[in-house]
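Okay, so here's the structure we're looking at.
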Amino acid sequence: MSPRSIDLVAEAGLSSGEPAFVLTEEAVAVPFEFGDAPERPEASMPPAQCQVLAIASGKGGTGKTTFTTNLAISLAQRGLRVLIVDADFGLANDHLLLGLEPQGDIGDVLAGRKGIREVILPGPGGVKLLPGGMGSSRLSNLEPYEIAILARELGCLEPEYDMVLVDLAAGISPANLQWMRPAHDRVVVTNPEVTALIDAYGLVKCLSQDGEPNCELHVVMNRVRDETEFQQSMKKLRQVVAKHLSGVRLNSLGYIPFDRYLLHSIAIQRPAVLSHPKAFVTACLRGIEAKLFARHRAWEKRQCRDADIPSYFAKLERQAHE
Ligand SMILES: Nc1ncnc2c1ncn2[C@@H]1O[C@H](COP(=O)(O)OP(=O)(O)OP(=O)(O)O)[C@@H](O)[C@H]1O
Ligand SMILES: [Mg+2]
């Protein structure tokens with residue numbers, strides 16, 4: 001166990017010899033609803049023209065990119081204009097799962113070699129992709145001024161999209177948290193392994209320490225055996241969050257089973273919603289997408305009515321300058 005895992009386990013009131021979570025009857029039920037969005041009116045911020053979802057995880061390899069690509073295509077199939085930003089900037093993968101071959105990436109944009117529209121690729125199902133770098137240590141550690149440049153460039157594209165999905169690198173690096181904080185919705189992808197749950201808790205903890213009165217996060221439980229394992233894993237995560245963090249709302253979006261069709265879709269580089277439309281795993285992915293789509297409609301309605309939700313990219317740019 002790494003020192004960080006040990007700290008988190010200790011913090012959760014557990015010793016490494018005990019089962020990682022103690023199940024009690026105290027289940028923390030949080031209803032799914034569109035309530036106090038994390039954003040608040042900020043007088044000087046331009047209003048958002050598209051909704052931005054950040055997809056994150058504490059531990060690596062939990063399934064963020066697999067989920068993001070399938071979600072993007074499902075949303076696009078409903079007629080939404082969807083852009084994926086591969087924000088795993090140094091070790092980008094979205095293009096692989098979409099079967100695309102980028103001719104440029106954010107590195108070219110930052111170096112001034114290409115404009116952002118030149119590197120955005122059309123993908124299957126009508127989605128668009130802004131590719132990150134492939135094996136670029138430098139891009140994995142962007143300077144604040146570089147984040148500000150990307151935020152400004154992406155901000156110019158807001159009117160062209162309904163939803164932007166930001167597929168992040170794993171972990172709680174300051175840069176990662178910076179991309180996550182201003183998002184209109186934040187989705188944490190985890191799995192039932194104790195390490196993944198503890199790291200999900202660590203991520204939730206970092207986000208909840210930003211002083212937001214109602215920190216709302218959505219959870220996707222991936223690679224589960226069955227409904228029972230999903231429910232138990234959600235309960236464990238909710239318990240540890242309820243025990244140590246106040247003012248955090250965890251909304252369960254659902255689960256994705258461990259599935260050989262999903263593995264096959266990755267191997268053939270064609271997301272499951274397209275390559276295996278009738279598979280059970282696709283039904284699960286579509287169920288999660290339906291909840292996020294409903295939230296998007298509620299978000300749109302609120303923005304049409306009040307125009308009080310600030311632009312993600314304007315917030316990101318301002319934060320990078322601070
Ligand atoms: N539901 C699933 N069933 C079976 N295998 C899965 C499932 N979800 C993910 N995987 C496996 O896990 C691997 C990692 O998935 P993915 O690349 O989506 O994770 P990630 O969170 O984006 O990783 P990283 O942190 O490196 O960005 C996949 O290549 C696949 O082998
Ligand atoms: Mg990934």
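Position 1 is the first residue of the sequence; numbering continues from there. Numbering of ligands and ligand atoms starts at 1, following listing order.
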Worksheet entry | Sub-4.0 Å heavy-atom approach of Gly61 to ligand 1 |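 Yes.
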
Discussion item. Below 4.0 Å from ligand 1: does a non-hydrogen atom of Pro257 turn up there or not?
Written reply: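 The answer is yes, since Pro257 has a heavy atom less than 4.0 Å from ligand 1.
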
Any nitrogen or oxygen of [X], side chain or backbone, less than 3.5 Å from one on ligand 1?
X: Ser57; answer: no
X: Lys64; answer: yes
X: Lys59; answer: no

What atoms in ligand 1 come closer than 4.0 Å to a heavy atom of [X]?
X: Ala170; result: 25 (O)
X: Gly60; result: 25 (O)
X: Ile256; result: 1 (N)
X: Leu263; result: 4 (C), 5 (N), 30 (C), 31 (O)

Item to complete: Check whether more than 12 heavy atoms from other residues, nucleotides or ligands sit under 6.0 Å from atom OH of Tyr261, and answer yes or no.
Response: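 12 or below, so no.
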
Practice prompt. Would you indicate whether Gln103, at its atom CD, is surrounded by more than 12 heavy atoms from other residues, nucleotides or ligands within a distance under 6.0 Å?
Written response: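 No, CD of Gln103 has 12 or fewer neighbouring heavy atoms, counting only those of other groups under 6.0 Å.
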
Worksheet item: For His296, does its backbone N or O pair with a side-chain atom of His184 as donor and acceptor, under 3.5 Å?
Response: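 Between the backbone of His296 and the side chain of His184 there is no qualifying donor-acceptor contact (under 3.5 Å).
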
Identify whether the distance between the nearest side-chain nitrogen and carboxylate oxygen of [X] and [Y] falls below 4.0 Å.
X: Arg113; Y: Asp108; value: yes
X: Asp308; Y: Arg302; value: yes
X: Arg223; Y: Glu229; value: no
X: Arg78; Y: Glu289; value: yes
X: Asp167; Y: Lys64; value: no
X: Arg305; Y: Glu300; value: no

Worksheet item: Taking the six-membered ring for Trp, are the ring centroids of Trp299 and Phe293 within less than 6.0 Å of each other?
Response: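 Centroid distance Trp299-Phe293: not below 6.0 Å, so no.
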
Worksheet entry | Within reach of ligand 1, part of Asn222 (heavy-atom separation under 4.0 Å) |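 Side chain only.
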
Worksheet item: Any N/O/S atom of Thr65 sitting less than 2.8 Å from the Mg ion (ligand 2), backbone or side chain?
Response: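 Given the 2.8 Å cut-off, Thr65 counts as a ligand of the Mg ion (ligand 2).
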
In the protein, what heavy atom is nearest to [atom], and what distance, to one decimal place, separates them?
atom: atom 2 (C) of ligand 1; result: Leu262 CD2, 3.4 Å
atom: atom 27 (O) of ligand 1; result: Asp88 OD2, 3.4 Å
atom: atom 10 (N) of ligand 1; result: Arg223 NH1, 3.5 Å
atom: atom 15 (O) of ligand 1; result: Thr66 OG1, 3.6 Å
atom: atom 3 (N) of ligand 1; result: Asp259 N, 3.0 Å
atom: atom 17 (O) of ligand 1; result: Thr65 CB, 4.1 Å
atom: atom 19 (O) of ligand 1; result: Gly63 N, 3.0 Å
atom: atom 28 (C) of ligand 1; result: Ile266 CD1, 3.7 Å

Worksheet item: Between the side chains of Ser311 and Glu158, does any donor sit under 3.5 Å from an acceptor?
Response: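 A pair is found: one side chain offers a donor N or O, the other an acceptor, under 3.5 Å apart.
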
Item to complete: May I ask whether Ile147 and Ile172 are part of the same hydrophobic cluster, defined by side-chain heavy atoms of I, L, V, M, F, W, Y residues being less than 4.5 angstrom apart, directly or through others?
Response: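 Yes, same cluster.
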
